[in-house]
2 protein chains.
Amino acid sequence: MALRHAVLAALLDDELSGYQLAKAFNVGVANFWHALPQQLYAELARLETDGLVTGREVVQDTRPNKRLFRVTDAGLAELERFAATAAKPSFVRDELLVKVQTADRIGTGAVIEQLVERAEFAAAKIELFTSLLEKIRGDRDEEDFLLHGTRIGPYLTCLRGLAFEQGNKDWCERSAAVLRARRSAEV
Amino acid sequence: MALRHAVLAALLDDELSGYQLAKAFNVGVANFWHALPQQLYAELARLETDGLVTGREVVQDTRPNKRLFRVTDAGLAELERFAATAAKPSFVRDELLVKVQTADRIGTGAVIEQLVERAEFAAAKIELFTSLLEKIRGDRDEEDFLLHGTRIGPYLTCLRGLAFEQGNKDWCERSAAVLRARRSAEV
DNA sequence: TCTGAATAGTCACTTTCTTGAGTATGATGG
DNA sequence: CCATCATACTCAAGAAAGTGACTATTCAGA
């Protein structure tokens, strides 16, 4: 019963189809939640039967028809209730970190490659989030926007995502450099 | 089949009981993986039948007896194989971020409290990781240790954990301050 | 002396997630 | 003209994870 709130939170700003929601879960929403499209479609169906979202059919001629969902008053009340309960500690699952943990006991060639890839991926996210933040705040400066702007929630979570990816990039580059240096030292 | 590698990685440095492993998954290992004790006991049993770890009974008189597990050669080979496969992207799940995402649509009192709590929790982790890093590297300086030390894997993942918690703390404090300022502005 | 926490686990049940496949159409690129 | 990608979803099966309760002993604190 936790994906449910992530979906409601994601739908709060825009009316989205399941497909669009799935894409949102691959970029911005991925800063705080992870889910596959199948889960999202299933969760949307449950949310609708529970009356927390409503869907409306949109007929398209050049594309398959779609259903757009928005949060109902009951959905907003559910989020309100959720915000008041204690949050579970965050959790991370990262295979790459598992691999690095074993780095002094196994061959590191493949791990170094993956660290480089991950650093590049993080760099791309950094660019994405940077421009997304600019877009949200428009021409205001950050202080002003944070105090008086709307859509402050998505802005703040995006800031967290940016810092996370920055940390990721720095760490991946550092770790790759260290492992490379050890490989040449070891010969 | 992914918890499996996290368990192997955690057992690589020390021979641990299920109970000790569970505690490890609450601190250092939590930087890259999350699991409950029941899962760990079950996974250890599977790993043992698969020959990737071996357990030995240790009789204690003041405490209940325990079984200590260590990674076998087959287990190490499995980690080697795992390191060579492509890593899935990391994923995060954080209820607190979900709540912040909704911050401009709901009452923020409870969320601010939780941000403060989380910041304090992060501060405690920062201290823990800082002293853990010092303990691992002893009196060497970091550059020297990273190039020539042993147990480099745990050191690197701990560095990531430290940076993550630092980012967490900064973001929580900043966000709490922003939401507080908006509350007083709104009156 | 009683309570609660720490050690060291086990069992059963339920929910959630992942894997993999399948449907159908239109647009894009070579 | 054909292949592939993007849109927009659905279904089923199996693996993984989470919830909650339970056993048993020892130590520390009120």
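- Ring geometry for A:Phe164 against B:Phe164 counts as perpendicular: the plane angle is over 60°, on a 0 to 90° scale with 30° as the lower cut.
- Residues A:Ala35 and A:Pro64 each lie close to DNA chain C; by heavy-atom proximity, the contact nearer the 5' end of the strand is made by A:Ala35.
- Atoms CG (A:Asn26) and C1' (D:dA6) sit 14 Å apart, rounded to a whole Å.
- C:dC17 atom C1' lies 9 Å from atom CZ of B:Phe91, rounded to whole Å.
- Between D:dA6 and A:Lys23, no contact under 4.0 Å exists linking OP1 or OP2 to a side-chain N or O.
- Contact annotation: A:Arg93 side-chain N/O to D:dA16 OP1/OP2 distance is not under 4.0 Å.
- With the end axes of the helix from C:dT1-D:dA30 to C:dG30-D:dC1 each set by five pairs, the angle from one to the other reads 50° at 10° resolution.
- At whole-Å resolution of the value, CG in A:Leu40 and C1' in C:dT18 are 13 Å apart.
- By the side chain to side chain contact (heavy atoms under 4.5 Å, CB included) test, B:Tyr19 is found to be paired with B:Ser17, B:Lys23, B:Tyr41, residues two or more places apart in sequence or in another chain being considered.
- The CG-P distance, from A:Leu47 to C:dT16, rounds to 12 Å in whole Å.
- In terms of position on DNA chain D, the residue among A:Lys88 and B:Ala2 whose nearest nucleotide sits closer to the 5' end is B:Ala2.
- Atom CG of A:Leu52 and atom CG of A:Leu11 lie 11.0 Å apart (nearest 0.5 Å).
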Determine whether A:Arg160 and B:Asp94 satisfy the following criterion, salt bridge (Lys or Arg N to Asp or Glu O under 4.0 Å), listing intermediate values before the conclusion. CA-CA 11 Å; A:Arg160 183 68 191 101; B:Asp94 194 335; over 6 Å; no
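- Using a 4.0 Å heavy-atom cutoff across all strands shown, B:Gln39 reaches sugar-phosphate atoms only and no base atom.
- Regarding B:Leu68, its CG atom lies at a distance of 13 Å from the C1' atom of C:dT7, rounded to whole Å.
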Within the sub-3.5 Å range, which N or O atoms of nucleotides 9-12 of chain C have a protein N or O partner, and how far apart are they?
{"residue": "C:dG9", "atom": "OP1", "partner": "B:Arg67", "partner atom": "N", "Å": "3.3"}
{"residue": "C:dG9", "atom": "OP2", "partner": "B:Ser17", "partner atom": "OG", "Å": "3.3"}
{"residue": "C:dG9", "atom": "OP2", "partner": "B:Gly18", "partner atom": "N", "Å": "3.4"}
{"residue": "C:dG9", "atom": "O5'", "partner": "B:Tyr41", "partner atom": "OH", "Å": "3.0"}

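- Counting all heavy atoms, side chain and backbone alike, A:Ala86 lies closest to B:Glu95 at O-OE1, 4.1 Å.
- Residues A:Arg140 and A:Gly149 share a closest heavy-atom pair of NH1-CA, 3.8 Å.
- Summarising the geometry, the separation between CG on A:Leu44 and P on D:dA8 is reported as 14 Å, rounded to the nearest angstrom.
- If you take CG of B:Leu16 and P of C:dT7, they are 13 Å apart, rounded to a whole angstrom.
- When each of C:dT25, D:dA24, C:dA27 is scored by its nearest atom to the side-chain atoms of A:Thr62, the top-ranked nucleotide is C:dA27.
- No contact: A:Arg46 has no heavy atom under 4.0 Å from any strand.
- Side chain of A:Leu36, nearest nucleotide from C:dC17, C:dT19, D:dA24: C:dT19.
- In this structure, A:Leu159 and A:Glu142 have side chains that are in contact, with non-hydrogen atoms separated by less than 4.5 Å.
- Remark: B:His34 is not in phosphate contact with D:dA17, judged by side-chain N or O atoms under 4.0 Å from OP1 or OP2.
- Between A:Gln60 and D:dA8 there is a side-chain N or O to OP1 or OP2 distance below 4.0 Å.
- Where A:Arg63 and A:Glu43 each meet DNA chain C at their nearest nucleotide, the meeting point lying more 5' is that of A:Glu43.
- Nearest approach of B:Gly153 to A:Asp104, heavy atoms of both residues: N-OD2, 3.8 Å.
- Residue A:Arg105 comes nearest to B:Leu12 through the heavy atom pair NH1-O, 3.1 Å, listed as atom of the first residue, atom of the second, then distance.
- Taking atom CG of A:Leu21 as the reference point, atom C1' of D:dC9 lies 13 Å away to the nearest angstrom.
- Sparse packing is recorded around CG of B:Asp139, with 12 or fewer heavy atoms of other residues, nucleotides or ligands lying under 6.0 Å away.
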